[in-house]
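Everything quoted here is computed from the prediction, not taken from an experiment. We're numbering straight along the sequence, starting at 1.
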Amino acid sequence: MKPAVIVTGIAKRYGKVNAVRDVSFQLNEGEIVALVGHNGAGKTTIVKLLLGLIRPSEGSVEVLGEDPASGDFAVRQRLGYLPESVAFHMALTGRETLAFYARLKRIDTSSAPELLERVGLAAEAADRPVRTYSKGMRQRLGLAQALLGQPRVLLLDEPTSGLDPALRRRFYDLLDDLRSSGTTILLSSHALTELEDCADRVLILNEGVKIADGTIESLRRIAQLPTKISVTQTEGDTSLSRMTSCPAWTKTGSDTFETEVTMEDKISLLKEVTANPADVAALHVTEPTLDDLYAHFLNSRRAAQ
Ligand code: ATP
């Protein structure tokens, strides 16, 4: 895979505040990467560095082969950005707003109707002033604005805030389509549960430092957090109580037992539990979530400090 973004050893200081310290990563073409971290962890600072709005105090940033902070950053037209708080001119209609941003980006406005359609702003809404829009509609207009000019790199800051569950689903479907067409997407968000299904990779920041970078599967392997297994036995069966490989079964219902197992022991335990399928009425395997992994990496970092 070709990297669309290469960040090498960047630091950003605002006076005495070390907003970002020694961070390196790459974003590959057609990859959705989630950038997660507490408030003030440095996520927006990284997004601003990628946009070339600010310069790093140390290190280098390359976006589509160029320095985004250089005055003549030609590929700016191929970058899309949705800020955390979208502020539009309230008197303009959705259609006029897109035309305004297209002119700023110096691109043709002909894609505007299709983009409004794509983000689900119907024709009727497109010709209404933005002041009449709900929060979710403004957020969708913000996304349409970010998609102007078919960006190769899309930077999204808390993109699903204000969207209801159905719109969120639609938004993630749209991201899937963009990924398939080779767009590189960096998604900064606190909505960890949503990111779990959509992100190819997760970057975790803490106090300006990158503390984890990998696919959810690779982070699970590194974290070595246990998998939860819940088994409901068919009535009257006692096979779990006889099992020696995993003695710590906790009874959580009349015929339901739960235990935790390491990744290495998971398969052998499942084989043992399901050796006689007739004994098993229900089986649930719960892997560590992104929430669990995030808490784990944060706690490990704090313990090491
Ligand atoms: P949030 O999730 O709250 O949006 P964030 O991870 O995006 O937070 P940043 O906005 O990047 O965090 O801020 C990182 C640190 O840099 C914070 O301590 C913040 O106060 C500080 N900071 C950001 N911009 C400036 C600035 N212009 N001047 C001084 N300090 C700043």
Side-chain angles (χ1 to χ4, degrees), residues 2-5 27-33 47-54 61-134 136-160 162-163 167 170-188:
K2 237 168 85 187
V5 171
L27 306 180
N28 298 312
E29 271 183 11
E31 189 178 37
I32 300 181
V33 178
V47 169
K48 284 183 182 168
L49 286 162
L50 298 186
L51 288 165
L53 297 176
I54 53 174
V61 179
E62 209 179 278
V63 178
L64 300 169
E66 290 185 42
D67 171 5
S70 77
D72 58 348
F73 181 44
V75 285
R76 193 160 283 143
Q77 285 178 321
R78 314 309 307 275
L79 260 181
Y81 172 47
L82 176 65
E84 188 176 356
S85 326
V86 215
F88 294 118
H89 196 299
M90 293 291 136
L92 296 183
T93 65
R95 200 183 300 281
E96 287 166 346
T97 304
L98 275 200
F100 170 74
Y101 280 96
R103 279 198 297 278
L104 274 184
K105 253 185 159 174
R106 298 200 190 110
I107 55 169
D108 177 23
T109 57
S110 60
S111 62
E114 190 238 312
L115 282 177
L116 288 166
E117 183 72 31
R118 203 163 180 197
V119 298
L121 282 177
E124 176 263 334
D127 291 313
R128 272 206 271 132
V130 172
R131 70 167 176 276
T132 67
Y133 282 20
S134 68
M137 288 165 88
R138 283 177 204 173
Q139 193 69 4
R140 281 183 278 160
L141 182 58
L143 185 61
Q145 166 279 128
L147 294 176
L148 278 165
Q150 296 180 321
R152 303 310 301 153
V153 175
L154 194 54
L155 307 171
L156 307 171
D157 209 347
E158 288 292 339
T160 56
L163 299 187
L167 285 175
R170 194 168 165 163
F171 166 79
Y172 287 115
D173 288 345
L174 180 61
L175 290 197
D176 270 344
D177 290 348
L178 291 166
R179 166 174 46 197
S180 311
S181 63
T183 311
T184 302
I185 301 166
L186 183 71
L187 191 61
S188 160

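Contact annotation: the side chain of T160 never approaches that of Q139 to less than 4.5 Å [non-hydrogen atoms, C-beta and beyond]. The side-chain heavy atoms of L50 and P68, taken from C-beta on, include no pair separated by under 4.5 Å. For the pair V5 and E62, the minimum side-chain heavy-atom distance is 4.5 Å or more. Between V63 and L51, every side-chain heavy-atom pair lies at or beyond the 4.5 Å cut-off. Between L116 and L141, some side-chain heavy-atom pair lies under the 4.5 Å cut-off. In this structure, Y172 and D176 have side chains that are not in contact, with every pair of non-hydrogen atoms separated by 4.5 Å or more.
Remark: side-chain polar atoms of R179 are not paired, donor with acceptor, to backbone N or O of I185 under 3.5 angstrom. Side chain of E117 to main chain of E114: no donor-acceptor pair is present (N/O by atom type, distance under 3.5 Å, no hydrogens or angles). Listed for the Q77 side chain is a donor-acceptor partner under 3.5 Å among the backbone atoms of K105. With T93 contributing its side chain and E96 its backbone, the two residues share a donor-acceptor pair below 3.5 Å. Side-chain N or O atoms of T184 include one that pairs as donor or acceptor with a backbone N or O of N28 at under 3.5 Å. Put simply, the side chain of Y133 gets close to the backbone of A125: a donor and an acceptor are under 3.5 Å apart.
Residues forming a side chain to side chain donor-acceptor pair (under 3.5 Å) with S188 (at least two apart in sequence, or on another chain): D157. Residues passing the side chain to side chain donor-acceptor pair (under 3.5 Å) test with S134: none are found, sequence neighbours excluded.
Summarising the geometry, atom CG belonging to L147 is positioned 6.5 Å from atom CZ belonging to R118; distances are rounded to the nearest 0.5 Å.
Salt bridge absent: R170 and D173 never bring a charged side-chain N and a carboxylate O closer than 4.0 Å.
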Mind listing the side-chain donor-acceptor pairs of residues 82-92 below 3.5 Å, one per line with the distance, residues two or more places apart or on another chain?
unit_1: H89; atom_1: ND1; unit_2: A91; atom_2: N; d: 3.2

